[in-house]
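Predicted model, so just to flag it, every value in this text is computed and none were measured.
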Number of protein chains: 2
Amino acid sequence: MSDSLVRDKILDTASRLFFEQGYNLTGINQIIEEADIARGSLYNHFGSKSELLLAYLDKAQQERLAETEAYVKTVKDPQKKLLGIFDYRIQRQQQIGYRGCQFIKICAEVSRDDIKVFELVEAHKERLRNFILDLVRQTTHNPVLSDELFADTVFLLLEGSTTSVGFSRNVRGLRQARKIVEGLLVS
Amino acid sequence: MSDSLVRDKILDTASRLFFEQGYNLTGINQIIEEADIARGSLYNHFGSKSELLLAYLDKAQQERLAETEAYVKTVKDPQKKLLGIFDYRIQRQQQIGYRGCQFIKICAEVSRDDIKVFELVEAHKERLRNFILDLVRQTTHNPVLSDELFADTVFLLLEGSTTSVGFSRNVRGLRQARKIVEGLLVS
DNA sequence: ACAAATAGATAGACTTGTCTATATATATAA
DNA sequence: TTATATATATAGACAAGTCTATCTATTTGT
């Protein structure tokens, strides 16, 4: 058997279910059934459901950032790179069925003193903000906003529009956000 | 006896708990205990937990919109009115302990086919967007963005920064968003 | 043989919602 | 004013199911 094919099956299934139907609405029973593994195996690889949650968040976090960077790497112009972030988000939301941001969703589901979850999400968002800031520094944009402030503009528009996908169940907000950034870039 | 002092006690307690610790993490038992009412009374006034949720959302929805409008009404200048929306949000988040948007949180907690919840939230956000659009039409702002697009800018910045409160547990994002709107207004 | 996976029973705490029986307060009728 | 009816509150038992997590005993693969 592979080093841990079972572990991957568990994490993949849990990840899908946590995102698609929510953490609290997903039970251990459903995970082991859909992953087709034994209950004992799950608790052998992950000490508890909340450990599984942290593993999910950390993996998703790395994947989202890597995919964003990969998507953006296909274009040269820094301005187009910035817009590419929105393009990636639009494409992804269409693929996953307009579910919004997976990290925001988890923050809304866990107890306030699940500090590890909040720190993990905060760190991820900070990495994203820095990635945007790096790109912003290579662009010329509307001079009324400093680089820092323009990076926050892009970041907050991205956050707001991705969140809006969650309740509107469409990507209108993301398209508008893209247009706005485009407008602020050319001037 | 008052028209329904009991009903109010139930709804107020449930509202507080749903927001502070989440819908799924709040049980009927905790609600009746903290509201200090009988189990039967709860089910007499609300047919089920999900009916209680809808009542919570609808009341909160009206309150947030009314409070926003009241806050903004204290100033005359349309530009300052727009910024006042952010001031209100900052003040409120500080009061409630940096918990982010109560509507986004609920959307993250319920099943995807709880359509009534999503429609209620969507309608609320649409009202907010229209309120912003009305104000935007009375301002002069950066000409690279149309009124519609500038209204979306304000709306999405507001959404993004309020959401960011939820994981950062501070109002930095809201303050930045306010600065950005201020910058785009004066030019 | 050894490690890891399996099925499945089980514990114990929790969930929502229903039910009964009792108490209390208000409104109506004699 | 007194008696009765109605509505609403109460406490609390209870059903039927969920949840996470632990444990045992067996089978499988290397």
Checklist line | N or O in side chain of A:Ser41 less than 4.0 angstrom from C:dA4 OP1/OP2 | finding: no
Notebook entry, point to check: Separation of A:Leu42 atom CG from C:dT6 atom C1', in whole Å?
Noted result: 14 Å
Margin query: From C-beta outward on A:Ser48, which listed nucleotide comes closest to its side chain: C:dT16, D:dA21, D:dA9?
Written below: D:dA21
Margin query: Using OP1 and OP2 only, check whether a side-chain N or O of B:His45 sits under 4.0 Å from D:dT8.
Written below: no
Margin query: In this structure, how many angstroms lie between the C1' atom of D:dA13 and the CD1 atom of B:Ile32, rounded?
Written below: 13 Å
Notebook entry, point to check: Hey, is the side chain of B:Arg39 pairing donor to acceptor with the base of C:dG17 inside 3.5 Å?
Noted result: yes
Notebook entry, point to check: Reckon A:Ser50 touches a base, only the sugar-phosphate, or nothing at all at heavy-atom distances under 4.0 Å?
Noted result: nothing
Notebook entry, point to check: Please give, in whole Å, the distance from D:dT20 P to A:Ile31 CD1?
Noted result: 7 Å
Next item on the list: Take atom NZ of B:Lys49 and atom P of D:dG17, then tell me their distance rounded to the nearest Å.
Entry: 19 Å
Next item on the list: Nearest whole angstrom, please: distance from the C1' of C:dG8 to the CD1 of A:Ile37.
Entry: 14 Å
Item checked: Whole-Å distance separating the CG atom of B:Leu53 from the P atom of C:dT16 -> 12 Å
Check: Does B:Arg127 have any salt bridge (charged side-chain N to carboxylate O under 4.0 Å, His left out) partners at least two apart in sequence or in another chain, and if so, which?
Finding: none
Check: Using 4.0 Å as the upper bound for N to carboxylate O, is an ion pair formed by B:Lys105 and B:Glu109?
Finding: no
Margin query: I'd like to check the ring-ring contact (aromatic ring centres under 6.0 Å, His included) partners of B:Tyr43; sequence neighbours left out, ordered by chain and number.
Written below: none
Check: Could you give the CG-to-P distance, from A:Asp36 to C:dT6, as a whole number of Å?
Finding: 8 Å
Checklist line | Cationic N near anionic O, under 4.0 Å, A:Glu122 to A:Lys125 | finding: no
Notebook entry, point to check: Out of D:dT10, D:dT20, C:dT6, which has the shortest distance to the side chain of B:Ala38?
Noted result: D:dT10
Notebook entry, point to check: Would you say B:Asn44 reaches D:dA9's phosphate, i.e. side-chain N/O to OP1/OP2 under 4.0 Å?
Noted result: yes
Margin query: Would a single hydrophobic cluster contain both B:Tyr71 and B:Leu83, if residues Ile, Leu, Val, Met, Phe, Trp and Tyr are joined by side-chain heavy-atom contacts under 4.5 Å?
Written below: no
Checklist line | Nearest-Å distance for atom pair CG/P, residues B:Asn29 and C:dT16 | finding: 7 Å
